[in-house]
*Asks:* 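This structure is in structure tokens; I'll ask about it shortly.
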Amino acid sequence: MTPAGRVAFFTDSFHDVNGVAHTSRHLETFARRRNLPILSVHTGPKTREFVEGSCHVVEFGRSRSRIPLDDGLAFDPWFLRFWQRGVHAIERFRPDVVHITGPGDVGALGALLAWRKGIPIVASWHTNLHEYAARRFPLESSRPWIEKRSLDALLFFYRWARVCLAPNEELRSLIETRTGKPTFLMERGIDTALFTPELRQRTDDAIVLGYVGRLRPEKNVSLLAAVEKALIAKGVTNYRFLIVGDGSQKEWLRQNLVRAEFPGVLRGEALARAYASMDLFLFPSWTDTYGNVVAEALASAVPTVVTSGGGPKFLVTDGLNGAVAGTEEEFAAKAAALAADLAAIDAMRQAAREWALGRTWDAVFERVWHAYEAASGVSMASCPQPFATAS
């Protein structure tokens, strides 16, 4: 069947190092590979337009007045200066649906253009911004209020959509209940050819405990210091931490971890080799909606310890391919117990890899295209399984 639908994709992050950008790049690649017509709108080093196969790309350069939000992320308060360019792009491409990834400057532009032109909106939820806002607020007593009000504002924005997408079942249910809009799962895929245990390169017998991601308060990376204390208390001395990434808490970790390497931000095969060389992956965040790095570690046959908050707990089965902890004390204890039991780690490696082999980007985006069809009523592609909302 020849695809009939046309998608305009407005993402707030594309060239950056984070989960939204990672997913956005894969979505555009999927569309190109399948020859699906897509208008991809995002920010870049400069404003430009070009066409590659079925993909029409529009990049907007943010102004010098942009407001930094996080490592590599920003909000441009003057972004609506691109309104007319956006109108021309929409009118030339004639999309059947507009997909936005959140309430940032690009997402807001896409939502306004879709509303003005009467085009159905699909909105995907990628980041728990309300939890990030609360955790970064200096006055701890006000954090619950900040989180509640921020969540209310986010859900108001998502009510603009005809259909919503969420990375895990908890969020899917929350968004559908609070917005009244059909909400489907949009999980994440894994490149199991890149992230593979075959890249393991080790010349020593130390136990390597790894972390990959932003070194920021919302990632709760300070818990890694508690893990080290638990290791020492158990008499484990042949260990080291491998911490990949950058952020405001990097220096704190340097000062509070006795044995740790900080190679910075890694990409591509260098990142895959780092994963494969770990023995145990630690992801202490309570706020992540999915956990791309958890999936990449599992694909590398590295058992993983996660918290019971957010989406990563749906990726790890306690005792099978890692451990799930309900408290920070339990997280440190379970991590230390596994690090002291190499036989248990080895027994989990195959289950970790097998879990990952069933998660492909193609399967994820085939379902997303069905969500587009549900929003627009236009046949999008000949994908094998339609997307049903969970009851």
Side-chain angles (χ1 to χ4, degrees), residues 5-14 18-28 30-31 38-43 69 73 75 79-80 86 89-90 93 95-133 150-188 288-290 310-311 364-365 367-378 380 387-390:
R6 301 173 68 81
V7 178
F9 179 57
F10 285 73
T11 178
D12 292 308
S13 188
F14 190 86
N18 58 59
V20 183
H22 185 63
T23 302
S24 298
R25 291 192 295 268
H26 276 286
L27 186 145
E28 184 183 297
F30 171 83
I38 186 170
L39 170 65
S40 181
V41 183
H42 47 264
T43 60
L69 299 177
L73 301 180
F75 180 89
F79 204 74
L80 285 181
I90 288 288
F93 186 75
D96 297 296
V97 65
V98 169
H99 179 175
I100 59 176
T101 63
D105 43 20
V106 182
L109 175 65
L112 288 168
L113 287 168
W115 176 78
R116 180 70 176 270
K117 295 294 182 179
I119 304 168
I121 297 173
V122 172
S124 53
W125 186 293
H126 295 264
T127 307
N128 285 343
L129 296 173
H130 58 296
E131 294 183 353
Y132 282 24
S150 299
L151 178 60
D152 290 343
L154 283 169
L155 291 167
F156 177 80
F157 178 82
Y158 277 81
R159 289 191 189 101
W160 286 30
R162 184 172 295 182
V163 165
C164 297
L165 299 168
N168 65 64
E169 177 55 31
E170 281 184 348
L171 279 172
R172 190 210 65 76
S173 179
L174 170 70
I175 295 167
E176 184 168 86
T177 300
R178 294 285 300 273
T179 65
K181 301 301 174 73
T183 304
F184 306 130
L185 280 174
M186 177 184 174
E187 296 179 300
R188 306 291 183 263
D288 274 61
T289 59
Y290 187 78
V364 169
F365 294 131
R367 296 187 179 100
V368 169
W369 253 254
H370 279 295
Y372 295 157
E373 185 173 320
S376 67
V378 176
M380 288 285 167
F387 222 5
T389 304

*Asks:* Which residues pass the side-chain hydrogen bond (donor to acceptor under 3.5 Å, both in side chains) test with Asp105, sequence neighbours left out?
*Replies:* Arg62
*Asks:* For the residue pair Arg6 and Phe93, would you count it as a cation-pi contact if the rule is NZ or CZ under 6.0 angstrom from the ring centre and within 45 degrees of the ring axis?
*Replies:* yes
*Asks:* After noting the C-alpha distance and the side-chain angles of Phe365 and Met186, does the key distance pass the side-chain contact (heavy atoms from CB on, under 4.5 Å) rule?
*Replies:* CA-CA 8 Å; Phe365 294 131; Met186 177 184 174; 4.0 Å; yes
*Asks:* What is the ring orientation for Phe14 with His42, classed by angle as parallel under 30°, tilted 30 to 60°, or perpendicular over 60°?
*Replies:* parallel
*Asks:* Any idea which heavy atoms bring Ala371 and Leu165 closest together, and the distance?
*Replies:* CB-CD2, 3.7 Å
*Asks:* Find out whether Val163 and Thr183 are in side-chain contact, i.e. whether some heavy atom of one side chain is under 4.5 Å from a heavy atom of the other.
*Replies:* no
*Asks:* Minimum heavy-atom separation for Ser13 and Asn18, please, with both atom names.
*Replies:* OG-ND2, 2.9 Å
*Asks:* Using the rule given for side-chain contact (heavy atoms from CB on, under 4.5 Å), can you reason through Ile175 versus Lys181, listing the C-alpha separation, both sets of side-chain angles and the distance that settles it, and then say yes or no?
*Replies:* CA-CA 8 Å; Ile175 295 167; Lys181 301 301 174 73; over 6 Å; no
*Asks:* For Pro182 versus Glu176, what's the shortest heavy-atom pair and its separation?
*Replies:* CA-OE2, 3.6 Å
*Asks:* If you measure from the Lys or Arg side-chain nitrogens to the Asp or Glu carboxylate oxygens, is any gap between Glu28 and Arg25 under 4.0 Å?
*Replies:* no
*Asks:* Apply side-chain contact (heavy atoms from CB on, under 4.5 Å) to the pair Phe30 and Val368, showing each step before the final yes or no.
*Replies:* CA-CA 11 Å; Phe30 171 83; Val368 169; over 6 Å; no
*Asks:* Work out which heavy atom in Glu169 is nearest to a heavy atom in Leu185; give both atom names and the distance.
*Replies:* N-CD2, 3.7 Å
*Asks:* How would you list, by chain and number, every residue that makes a side-chain hydrogen bond (donor to acceptor under 3.5 Å, both in side chains) with Ser24, sequence neighbours excluded?
*Replies:* Thr11
*Asks:* Where do Leu80 and Leu109 land on the side-chain contact (heavy atoms from CB on, under 4.5 Å) test, with the steps shown first?
*Replies:* CA-CA 7 Å; Leu80 285 181; Leu109 175 65; 3.9 Å; yes
*Asks:* Quick one: closest heavy-atom pair of Ile90 and Pro95, and the distance?
*Replies:* O-CD, 3.4 Å
*Asks:* According to side-chain hydrogen bond (donor to acceptor under 3.5 Å, both in side chains), who are the partners of His26, at least two apart in sequence or on a separate chain?
*Replies:* Trp361
*Asks:* Suppose we screen for side chain to side chain contact (heavy atoms under 4.5 Å, CB included). Which residues come up paired with Ala89, at least two apart in sequence or across chains?
*Replies:* Leu39, Val58, Arg92
*Asks:* What donor-acceptor contacts under 3.5 angstrom involve side-chain atoms of residues 153-161, with partners at least two apart or in another chain?
*Replies:*
unit_1	atom_1	unit_2	atom_2	d
Tyr158	OH	Ser124	O	2.9
Arg159	NE	Arg178	O	3.4
Arg159	NH2	Arg178	O	3.1

*Asks:* Quick one: does His99's side chain get under 4.5 Å of Leu27's, heavy atoms only?
*Replies:* yes
*Asks:* Between His126 and Arg188, is there a side-chain heavy-atom distance shorter than 4.5 Å?
*Replies:* yes
*Asks:* Identify, with sequence neighbours excluded, every residue that meets ring-ring contact (aromatic ring centres under 6.0 Å, His included) alongside Phe10.
*Replies:* none
*Asks:* I'd like to check Thr101 versus Phe9 (side-chain heavy atoms, cut-off strictly below 4.5 Å). Are they in contact?
*Replies:* yes
*Asks:* What distance separates Tyr290 OH from Thr127 OG1, expressed to the nearest 0.5 Å?
*Replies:* 14.5 Å
*Asks:* Under the side-chain hydrogen bond (donor to acceptor under 3.5 Å, both in side chains) test, which residues partner Glu187, sequence neighbours left out?
*Replies:* none
*Asks:* Thr289: which residues meet the side chain to side chain contact (heavy atoms under 4.5 Å, CB included) condition with it, sequence neighbours left out?
*Replies:* Trp125, Asn128, Pro167, Asn168, Leu171
*Asks:* Using side chain to side chain contact (heavy atoms under 4.5 Å, CB included) as the criterion, list what pairs up with Ala114, not counting sequence neighbours.
*Replies:* Val98, Ile119, Ile121
*Asks:* For Gly107, does its backbone N or O pair with a side-chain atom of Asp12 as donor and acceptor, under 3.5 Å?
*Replies:* yes
*Asks:* Got a sec, which pairs hit salt bridge (charged side-chain N to carboxylate O under 4.0 Å, His left out) with one end in residues 117-126, sequence neighbours left out?
*Replies:* Glu91-Lys117
